[in-house]
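Heads up, the thing below is written out as structure tokens.
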Amino acid sequence: MVHNAKDAEVPTYENILVVGDAGSGKSTLIRSLPGEKFAFIFDPNGLRALQGADVDYEEWLPEALEIDATIKGFNKGAKPDDRPADTREPRVYVDFIESLVSKSKEGFFTHYDWVCFDSITLLQKACHDRQSYINNRYGKPEDIADYRIVGSKVSDLVRSSCSEKVNIYMTGHIDTWQDDKTKVITTQLALSGSAKKQVPLTMSNIWRAECQSTEKQVKYVVQTRPADRGLQTIRSSIRGMEMFEEVTIRDFNKPEESGVARLLNGK
């Protein structure tokens with residue numbers, strides 16, 4: 001059946017990805033989301049940004065000293081580091097997936113307006129740890145094949161999460177590097193493999209967060225559309241947005257009067 005876009009209903013749920021450097025205010029903006037909020041925290045500092053806020057949460061952090069000490073030499077004639085890998089099993093990723101699927105089946109998320117992931121970068125690192133472990137390379141540098149597999153898993157996770165009937169808020173990071181030959185500077189999402197392209201396809205809004213504070217003023221902004229240079233996957237589904245929108249939370253006792261809520265409510 002043929003439909004006309006004039007009669008189409010706008011989707012009621014937002015999928016927002018906010019990326020930026022450490023200290024750019026990504027996690028703190030969770031406070032300003034309107035309604036009931038639940039956060040999956042993978043960042044050891046994530047709870048500091050939410051302490052005192054009305055946000056239900058679970059922390060998913062690796063066990064203490066869940067690390068391998070082997071080092072890879074690159075110079076000609078470098079000595080091999082043949083120490084066996086740590087036998088401690090990294091389970092953050094698999095345990096989280098099992099919990100996520102169980103919550104979805106039980107209707108856990110129906111009690112919330114927003115489900116938050118802070119951050120997708122460290123969730124991806126947990127997936128890399130698991131991938132290396134099952135290939136008996138835990139603690140060693142990732143191979144190209146690891147990026148392909150982890151990228152596919154992260155893409156599936158985000159796509160499935162965004163199909164839930166709930167608003168999604170994710171934080172992430174970006175990578176910037178310069179090609180040694182062409183000197184071209186490239187900025188991309190800090191995601192592995194196919195996730196670089198597929199994760200943005202599931203998001204209604206991708207904003208870059210930035211701290212513009214001075215000695216006399218506290219100010220945080222989000223960039224809502226791409227510039228000539230920099231991250232090109234930035235976009236917004238909210239009409240009438242300026243290229244840079246201030247999202248500073250002025251009153252932490254009333255965070256839903258500013259930040260992301262202000263943008264969602266048409267400013």
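Nothing here was measured: the structure is a model prediction, and the numbers come from that model. Along the sequence shown, the residues carry numbers beginning at 1.
- If you run ring-ring contact (aromatic ring centres under 6.0 Å, His included) between Phe42 and each of Phe96, Tyr57, Tyr93, only Phe96 comes through.
- Residues Val222 and Ala209 share a closest heavy-atom pair of CG1-CA, 4.2 Å.
- For Lys37, the NZ atom is densely surrounded, since the number of other residues' heavy atoms within 6.0 Å is greater than 12.
- Remark: the Ser119 side chain and the Asp43 side chain contain no N/O donor-acceptor pair separated by less than 3.5 Å.
- Between the side chains of Ser236 and Asn205, at least one donor N or O sits under 3.5 Å from an acceptor N or O.
- Taking CH2 of Trp60 as the start and CD1 of Ile41 as the end, the distance is 12.5 Å to the nearest 0.5 Å.
- Between the side chain of Ser104 and the main chain of Leu100, no donor-acceptor pair closer than 3.5 Å is present.
- Of the N and O atoms on the side chains of Lys103 and Ser99, at least one donor lies less than 3.5 Å from an acceptor on the other residue.
- Scanning all heavy atoms of the two residues, the minimum distance from Ile149 to Gln131 falls at CD1-NE2, 3.4 Å.
- By the side chain to side chain donor-acceptor pair (under 3.5 Å) test, Ser194 is found to be paired with no residue, residues two or more places apart in sequence or in another chain being considered.
- Proximity of a side-chain donor or acceptor of Glu106 to a complementary backbone N or O of Val101 within less than 3.5 Å is not detected.
- Listed by chain and number, the hydrophobic cluster partners of Val221 are Met243, Phe244, where partners are ILVMFWY side chains within reach of under 4.5 Å, directly or through others.
- The nearest pair of heavy atoms linking Leu122 to Pro44 is CD1-CD, 3.9 Å.
- Listed by chain and residue number, nothing satisfies the ring pair (Phe, Tyr, Trp, His ring centres under 6.0 Å) test with His173 (two or more places apart in sequence, or in another chain).
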side-chain contact (heavy atoms from CB on, under 4.5 Å) between Glu257 and Asp251: does it pass, once the steps are laid out? CA-CA 8 Å; Glu257 294 182 359; Asp251 186 349; 5.7 Å; no
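- Checking side-chain atoms of Arg159 against main-chain N and O of Leu201 turns up no donor-acceptor pair under 3.5 Å.
- The line from OG of Ser161 to CD1 of Ile120 is 7.5 Å long, rounded to the nearest 0.5 Å.
- Using a 4.5 Å heavy-atom cutoff, the side chains of Thr248 and Ser213 are not in contact.
- With Trp207 as the fixed residue, the side chain to side chain contact (heavy atoms under 4.5 Å, CB included) test singles out one of Val260, Val247, Leu17, Val19: Val260.
- Residues forming a ring pair (Phe, Tyr, Trp, His ring centres under 6.0 Å) with Tyr112 (at least two apart in sequence, or on another chain): Phe38, Phe108.
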Could you walk me through whether Lys125 and Val92 pass the side-chain contact (heavy atoms from CB on, under 4.5 Å) check? CA-CA 10 Å; Lys125 181 61 174 72; Val92 171; over 6 Å; no
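- No more than 12 heavy atoms of other residues, nucleotides or ligands shown are found within 6.0 angstrom of CD on Gln51.
- The distance from the OG atom of Ser32 to the CZ atom of Arg262 is 10.0 Å, given to the nearest 0.5 Å.
- Linking Ile, Leu, Val, Met, Phe, Trp and Tyr residues whenever their side-chain heavy atoms come within less than 4.5 Å places Tyr220 and Met241 in a single cluster.
- Scanning all heavy atoms of the two residues, the minimum distance from Gly46 to Asp118 falls at CA-OD2, 3.7 Å.
- Within a 6.0 Å radius of CG in Asp228, no more than 12 heavy atoms belonging to other residues, nucleotides or ligands are found.
- Side-chain contact between Lys165 and Phe109: absent, with no pair of heavy atoms (C-beta onward) separated by less than 4.5 Å.
- Annotation: the span from Asp54 atom CG to Leu33 atom CG amounts to 12.0 Å, rounded to 0.5 Å.
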Evaluate the criterion side-chain contact (heavy atoms from CB on, under 4.5 Å) for residue pair Ile185 and Thr176; output intermediate values, then yes/no. CA-CA 7 Å; Ile185 298 176; Thr176 301; 3.6 Å; yes
Can you check side-chain contact (heavy atoms from CB on, under 4.5 Å) on Glu89 and Arg130, steps first, answer last? CA-CA 8 Å; Glu89 179 181 0; Arg130 186 66 184 179; 2.6 Å; yes
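- Of the possible donor and acceptor atoms, one in the side chain of Thr202 sits under 3.5 Å from a partner among the backbone N and O of Val199.
- Expressed to the nearest 0.5 Å, how far CG of Leu50 lies from CD1 of Ile30 amounts to 5.0 Å.
- Phe117 pairs by the ring pair (Phe, Tyr, Trp, His ring centres under 6.0 Å) definition with Phe40, not counting sequence neighbours.
- Between Val154 and Leu123 the shortest side-chain heavy-atom distance does not fall below 4.5 Å.
- Of all heavy-atom pairs between Asp143 and Asp146, the closest is N-OD2, 2.8 Å.
- Under the 4.5 Å side-chain criterion, counting only non-hydrogen atoms from C-beta, Met203 is in contact with Cys162.
- Hydrophobic clustering (side-chain heavy atoms under 4.5 Å, transitive across Ile, Leu, Val, Met, Phe, Trp, Tyr) keeps Tyr147 apart from Ile174.
- Every residue meeting the side chain to side chain contact (heavy atoms under 4.5 Å, CB included) condition with Pro34, not counting sequence neighbours, appears here in chain and number order: Trp114, Glu256, Ala261, Leu264.
- One distance of note links OG1 of Thr233 with CD1 of Ile206; it measures 4.5 Å at 0.5 Å rounding.
- Here the side chains of Lys219 and Thr214 are not in contact, with every heavy-atom distance at 4.5 Å or above.
- Within the 4.5 Å cutoff, no side-chain heavy atoms of Gln223 are placed close to those of Glu245.
- The main-chain N or O of Glu36 is found under 3.5 Å from a side-chain atom of Asp113 such that the two form a donor-acceptor pair.
- The hydrophobic cluster containing Val218 also contains Leu29, counting ILVMFWY residues as joined when their side-chain heavy atoms lie under 4.5 angstrom apart, directly or transitively.
- Heavy-atom minimum distance, Ser24 versus Asp21: OG-O, 2.7 Å.
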